Amino acid sequence: MRYDLVVFDNDGVLVDSESISNRLLAAYLTELGHPTSYEDSIRDYMGSAMHRIHDLVLERTGQRLPADFDDVFHARVFAAFERELLPVAGVTDVLEKLAADGVPYCVASSGSHERIRVGHRTTGLDRWFEDARIFSAQDVGKGKPAPDLFLYAAERMGVAPKRCVVVEDSPLGVQAAVAAGMDVYGFTAMTPAAKLAGATGLFADMGELADLLR
């Protein structure tokens, strides 16, 4: 294989959570007096850390979100995860192959550690991701599109950035991977290919990923 480490984004790549979380985010922001459609949420916040939501609302409206915003939002998301969340179709086959071939992999997500773990437990992906393979924007304090998270994951996994490949589905994630000096394959299941400009390659079905990584 061409790479020494495969770095997965989480939401939309491992767990099929983007439609759930963006639906709830749009509804909550609207409830708080910041009218937001589902499409607005996908465009502005998909792939971002929570601090970006706070920053953009403050920048656009001059108003701060409530102090308990993150806790309330996550409680709603986790409850919905329990009812609705599934792994992304085909991703367990990818993980099985990487494990069988002895290829190192990890997850590097803008989401919190709690969000990653809740999603993995709910979908059964926790069997593939012990703590040493899980990295969150919480670990570095600065989410995508900054490269910090991907560089941190590579350092902790003991692999040079140029030997890493990232699997992403958001424009912010692709930008972060490029800034980190890593190859990145853009998953277009939810994101138009044109919005993932700069990716090393694009794919629409997880069944295509293994061949891209060779």
Side-chain angles (χ1 to χ4, degrees), residues 1-18 21-22 40-56 59 88 90-91 94-95 98 103-113 115-116 129 133-214:
M1 193 172 134
R2 285 186 291 151
Y3 303 103
D4 295 335
L5 178 66
V6 181
V7 183
F8 290 96
D9 175 42
N10 189 56
D11 293 290
V13 171
L14 294 175
V15 295
D16 197 6
S17 56
E18 292 289 12
S21 57
N22 282 284
D40 293 337
S41 184
I42 291 286
R43 181 193 66 221
D44 294 340
Y45 304 120
M46 181 172 161
S48 65
M50 291 299 293
H51 68 77
R52 178 179 167 85
I53 302 171
H54 290 264
D55 293 345
L56 278 182
E59 177 185 315
V88 167
V91 80
V94 174
L95 294 170
L98 291 175
V103 177
Y105 63 89
C106 65
V107 58
S109 172
S110 292
S112 66
H113 276 281
R115 177 180 173 129
I116 297 167
F129 290 94
R133 295 183 191 268
I134 298 176
F135 305 101
S136 161
Q138 285 182 312
D139 299 326
V140 294
K142 195 171 185 180
K144 306 165 189 178
D148 305 39
L149 175 57
F150 289 142
L151 293 173
Y152 176 74
E155 179 184 8
R156 290 293 301 272
M157 296 293 289
V159 178
K162 66 182 180 181
R163 297 296 305 157
C164 298
V165 61
V166 176
V167 184
E168 264 288 354
D169 72 327
S170 76
L172 294 176
V174 168
Q175 292 171 38
V178 171
M182 301 177 181
D183 281 359
V184 53
Y185 287 97
F187 185 39
T188 61
M190 275 193 66
T191 308
K195 294 192 178 235
L196 299 179
T200 308
L202 301 170
F203 67 106
D205 186 293
M206 275 294 164
E208 304 169 43
L209 183 58
D211 287 338
L212 291 174
L213 298 180
R214 287 198 182 109

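Numbers here simply count residues along the sequence, with the first being 1. Remember, it's a predicted structure, so these values are computed and weren't measured experimentally. What you see below is based on every heavy atom in this structure, not just the backbone, and it leaves out hydrogens, waters and symmetry mates.
- In terms of heavy-atom proximity, P145 sits nearest to Q175 at CB-OE1, 3.5 Å.
- Side chains of F203 and D211 form no contact here, defined as non-hydrogen atoms less than 4.5 Å apart.
- V88 and V15 make their closest contact through CG2-C, 3.6 Å (heavy atoms, listed as atom of the first residue, atom of the second, distance).
- Distance CG/N22 to CD1/I42: 3.5 Å, rounded to 0.5 Å.
- Shortest non-hydrogen contact noted between P147 and A180 is CB-N, 3.6 Å.
- Between the side chains of S110 and R52, no donor N or O sits under 3.5 Å from an acceptor N or O.
- To the nearest 0.5 Å, the span separating CE on M190 from NZ on K195 amounts to 11.5 Å.
- Atom OG of S109 and atom CD of Q138 lie 9.5 Å apart (nearest 0.5 Å).
- Y3 contributes atom OH, which lies 7.0 Å from atom CG of L213 (distance to the nearest 0.5 angstrom).
- Nearest heavy-atom pair across S48 and L172 is CB-CD1, 3.5 Å.
- At least one side-chain heavy atom of V13 sits under 4.5 Å from a side-chain heavy atom of M206.
- Looking at heavy atoms from C-beta onward, V94 lies in side-chain contact with F8 at the 4.5 angstrom threshold.
- Put simply, the side chain of I134 does not reach to within 4.5 Å of the side chain of C106, judged on heavy atoms.
- For the pair H51 (side chain) and G143 (backbone), a donor-acceptor distance under 3.5 Å is present.
- Going from atom OG of S170 over to atom CE of M46 covers 6.0 Å, rounded to the nearest 0.5 Å.
- The closest side-chain heavy-atom distance from V184 to F150 is not below 4.5 Å.
- Listed for the R163 side chain is a donor-acceptor partner under 3.5 Å among the backbone atoms of R2.
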Inset, instruction - Please step through side-chain contact (heavy atoms from CB on, under 4.5 Å) for the pair R115 and S21, ending with a clear verdict. - result: CA-CA 11 Å; R115 177 180 173 129; S21 57; 3.2 Å; yes
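- Between I116 and G111, the closest heavy-atom pair is CD1-O, 3.9 Å.
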Inset, instruction - In sequence, state the C-alpha distance, the side-chain angles, and the governing distance for F129 and L14, and then conclude on side-chain contact (heavy atoms from CB on, under 4.5 Å). - result: CA-CA 11 Å; F129 290 94; L14 294 175; 3.6 Å; yes
Inset, instruction - Would you sort out whether D169 and T191 count as a side-chain hydrogen bond (donor to acceptor under 3.5 Å, both in side chains), showing the intermediate values? - result: CA-CA 6 Å; D169 72 327; T191 308; 4.9 Å; no
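- Not counting sequence neighbours, the partners of F135 by the ring-ring contact (aromatic ring centres under 6.0 Å, His included) test are Y152.
- Looking only at side-chain heavy atoms (C-beta outward), V159 and P104 stay at 4.5 Å or farther from each other.
- For A108 against V7, the heavy-atom pair with the smallest separation is CB-CG1, 3.6 Å.
- The side-chain heavy atoms of F187 and D9, taken from C-beta on, include no pair separated by under 4.5 Å.
- Using a 4.0 Å cut-off between charged nitrogen and carboxylate oxygen, D139 and R156 do not count as a salt-bridge pair.
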